[in-house]
Novice: 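I'd like to ask you about the structure that follows.
Since the structure is predicted, the reported quantities are computational estimates derived from the model, not experimental observations. Sequence lines set the chain letters: A, B, ... in the order given, protein chains first and strands last, and positions in each chain run from 1. Values below: all heavy atoms of this structure, side chains included; hydrogens, waters and symmetry mates excluded.
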Amino acid sequence: MDLRHHLEIIRFKTVDLLPLEELEAKLRRGRPLVVKYGADPSRPDLHLGHYVNLRKLKDLQDLGHRIVFIVGDFTATIGDPSGRDTTRPRLSEEEVRENARTYFEQVSRVLDPHKTEVQFNASWLSKLCARDIVHLASAYTVARMLERDDFEKRYRSNTPIFIHEFLYPLFQGYDSYHIQADMEVGGTDQKFNFLVAREVQKHYGQEPQVILTLPLLVGTDGVRKMSKSYGNYIAFNDPPAEMYGKVMSIPDAVVPEYYSLVLYYDDRQLEEVRRQMAEDPRDTKARLAYEIVKLFYSEAAARAAEEEFNRVFRARQAPSAMPEVRVPPEGKNIVDLIYDAGLVASKSEARRLIKQRAVRLNGEVIEDPTLVLRIQEESVLKVGKRKFLKLVPAREP
RNA sequence: GGUGGGGUACCCAAGCGGCCAACGGGGGCAGACUGUAAAUCUGCUGGCGCAGCCUUCGGGGGUUCGAAUCCUCCCCCCACCA
């Protein structure tokens, strides 16, 4: 493959790819690049936002480059004392290892696990002594640290920044140095860290890495970036129906973005998507949902998810499968029933929902929270938009 | 180290002795409308044995018939000065 074509593949969908000349020089040597990807050991639940990065790593892997996953167990076990969240748990070694395992298992759905390396950064970072750390810290200045936009924002808004937080980018940079990274891949929010890493590598007399950043996928709210902490994410591990439903719930405006970043559509295809979006937004989004489920599961799963979705939300019928609850012959209070089934967090919440006419039995609104429910035959209880229970009369033992 | 300001529910933010389970906004949930989209309107958003009760306003102690509100000690944050 010629260099131009090779570069073309690498560049697809990237925001930053720099410095380009350095990348060309590295490629020209004909050696596989060491590509670094940082993994957060506290977040084993991968989502579509991660997928954007993994998809790019897959490209690089297919081009013959070496993917190295760095599990940040060092910082995870030290814990981050910033913020008032004193309860934030410090992960134990076993937890980190377990998280890394499930993480890697999910990664393997995109990358070839046999060609992907995993390294734990505590194995070298924990060996640094004070002298080493001072030396590392002299690779960068406070002024330049404060250039990072979230530091800058916090500085301006008088939110504390702790010294060790300045250290983290440096440690990440040290990781790059340690594995002799040629390139680091991540979201645009990582750009600063990646650039610091270049300085660190130079500081140690190593050729700096090339940085490759990808757009941040917007979450299901259509506003903020997809993130577990915002609760706006679609996880690799979401069951097909859930995944399908979540895609359907994204705002129209971001549909083309999903086509672009998740399905990897090129500009020509995207133009077509936009045209269809104007014409038939619902079906265009449905196709997106279908394709995404297919990507993570299978064609059959996608078809099933679609059918189920249409059944429940378009035809407004009960789902084909739902949790079953037995109702004793003497009946059971409706609030207790909803609460015991785990549909709500508290009985007060159950009462509230009833008051708001959000609870239906076989389509009939239940208004009385003191109701003792008795049933003769199988019934369907609907709570809110998407929670269903199948009620079964319990027979005498 | 000094001086001043501040810590209120998921987040921001009012309240500054009883009318406070705590204004308002955001977020979330629910209902109507719909394409589980957007927009809009409405309601809710600590818990329970729910017309009542219990727990909450950084933590402990105190004053008072009564405290988020006053006093006191402690912890934490911010700004300026050093």
Novice: Could you give the distance separating B/C19 and B/U69 at their P atoms, to the nearest angstrom?
Specialist: 13 Å

Novice: Please determine, for B/U45, whether a Watson-Crick or G-U wobble partner exists with both distances under 3.5 Å, and give it or none.
Specialist: B/G27

Novice: In whole Å, measure the gap between the P atoms of B/C16 and B/C71 for me.
Specialist: 15 Å

Novice: Could you tell me whether A/Lys332 and A/Asp336 have a side-chain N and a carboxylate O separated by less than 4.0 Å?
Specialist: no

Novice: Let's test this: given Watson-Crick or G-U wobble pairing with both distances under 3.5 Å, identify the partner of B/A32.
Specialist: B/U40

Novice: If you look at every heavy atom in A/Lys228 and A/Tyr233, which pair is closest and at what distance?
Specialist: CA-CD2, 3.7 Å

Novice: Look at A/Arg66 together with A/Asp182 and state whether they make a salt bridge at an N to O cut-off of under 4.0 Å.
Specialist: no

Novice: Distance check needed: B/C10 P versus A/Asn232 CG, whole Å only.
Specialist: 20 Å

Novice: With nearest nucleotide decided by heavy atoms, which residue, A/Lys246 or A/Val359, maps closer to the 5′ end of RNA chain B?
Specialist: A/Val359

Novice: A/Ile354 CD1 to B/C44 P: how many Å, rounded?
Specialist: 17 Å

Novice: Using purine N1 to pyrimidine N3 plus N6-O4 or O6-N4 for Watson-Crick, or N1-O2 and O6-N3 for G-U wobble, each under 3.5 Å, what pairs with B/G66?
Specialist: none

Novice: Distance check, P atoms only: B/C29 and B/A39, in whole angstrom units.
Specialist: 14 Å

Novice: Give me the residues of residues 307-322 of chain A where at least one heavy atom lies under 4.0 Å from an atom of RNA chain B, by number, or none.
Specialist: A/Phe309, A/Phe313, A/Arg314, A/Arg316

Novice: Determine whether a donor-acceptor pair (one donor, one acceptor, N or O, separation below 3.5 Å) exists between the side chain of A/Asp221 and the base of B/G27.
Specialist: no

Novice: Distance check needed: B/A37 P versus A/Tyr258 OH, whole Å only.
Specialist: 15 Å

Novice: Roughly how many Å is it from CE in A/Met248 to C1' in B/U34, rounded to a whole number?
Specialist: 12 Å

Novice: Under 4.0 Å, heavy atoms only, any strand: does A/Ser348 hit a base, just the sugar-phosphate, or nothing?
Specialist: base

Novice: Looking at A/Glu364, I'd like to know if its CD atom is crowded, meaning that more than 12 non-hydrogen atoms belonging to other residues, nucleotides or ligands lie closer than 6.0 Å.
Specialist: no

Novice: On RNA chain B, compare the nucleotides closest to A/Ala358 and A/Ala241; which residue's is nearer the 5' end?
Specialist: A/Ala358

Novice: Hey, does A/Pro281 reach any base, or is it just sugar-phosphate, or nothing, if we go heavy atoms under 4.0 Å?
Specialist: base

Novice: Counting side-chain heavy atoms from C-beta on, which of B/C44, B/C29, B/A37 comes nearest to A/Arg352?
Specialist: B/C44

Novice: Applying side chain to side chain contact (heavy atoms under 4.5 Å, CB included) between A/Met322 and each of A/Lys390, A/Lys382, A/Lys387, report the one that passes.
Specialist: A/Lys390

Novice: Given atom CD of A/Gln356 and atom P of B/G28, what is their separation to the nearest angstrom?
Specialist: 16 Å

Novice: Whole angstroms only, please: what is the NZ-C1' distance between A/Lys355 and B/G31?
Specialist: 14 Å

Novice: I'd like the P distance from B/A38 over to B/G52, given in whole Å.
Specialist: 39 Å

Novice: Could you check whether A/Arg352 pairs with A/Glu349 (Lys NZ or Arg NE/NH1/NH2 to Asp/Glu carboxylate O, under 4.0 Å)?
Specialist: no

Novice: Which one is paired to B/A79, where only Watson-Crick or G-U wobble pairs with both distances under 3.5 angstrom count?
Specialist: B/U3

Novice: Whole angstroms only, please: what is the CG-C1' distance between A/Asp252 and B/U34?
Specialist: 12 Å

Novice: Return the nearest nucleotide to the side chain of A/Leu353; candidates are B/A32, B/C29, B/U36.
Specialist: B/C29

Novice: With the side chain of A/Lys347 defined as its heavy atoms from C-beta on, choose the nearest nucleotide among B/C48, B/G43, B/G35.
Specialist: B/C48

Novice: Under 3.5 Å for both donor-acceptor distances, Watson-Crick or wobble: does B/C19 have a partner, and if so which one?
Specialist: none

Novice: Taking the basic N atoms (NZ, or NE/NH1/NH2) and the acidic carboxylate oxygens, is any pair closer than 4.0 Å for A/Arg268 and A/Glu271?
Specialist: no

Novice: For B/U36 and B/G60, measure between their P atoms and round to the nearest Å.
Specialist: 50 Å

Novice: Measure from OH on A/Tyr339 to C1' on B/G47 and round the result to the nearest Å.
Specialist: 10 Å

Novice: Does the side chain of A/Leu214 come within less than 4.5 Å of A/Thr188's, by heavy atoms?
Specialist: no

Novice: Taking 4.0 angstrom as the limit, do A/Glu21 and A/Arg28 come out as a salt bridge?
Specialist: no

Novice: Does the side chain of A/Ser346 get closer than 4.0 angstrom to OP1 or OP2 of B/G47 through an N or O atom?
Specialist: yes

Novice: Could you tell me how far B/C81 sits from B/G17 if I compare only their C1' atoms? Round to whole Å.
Specialist: 37 Å

Novice: Is A/Lys285 touching bases, backbone alone, or none of the nucleic acid, heavy atoms closer than 4.0 Å?
Specialist: base

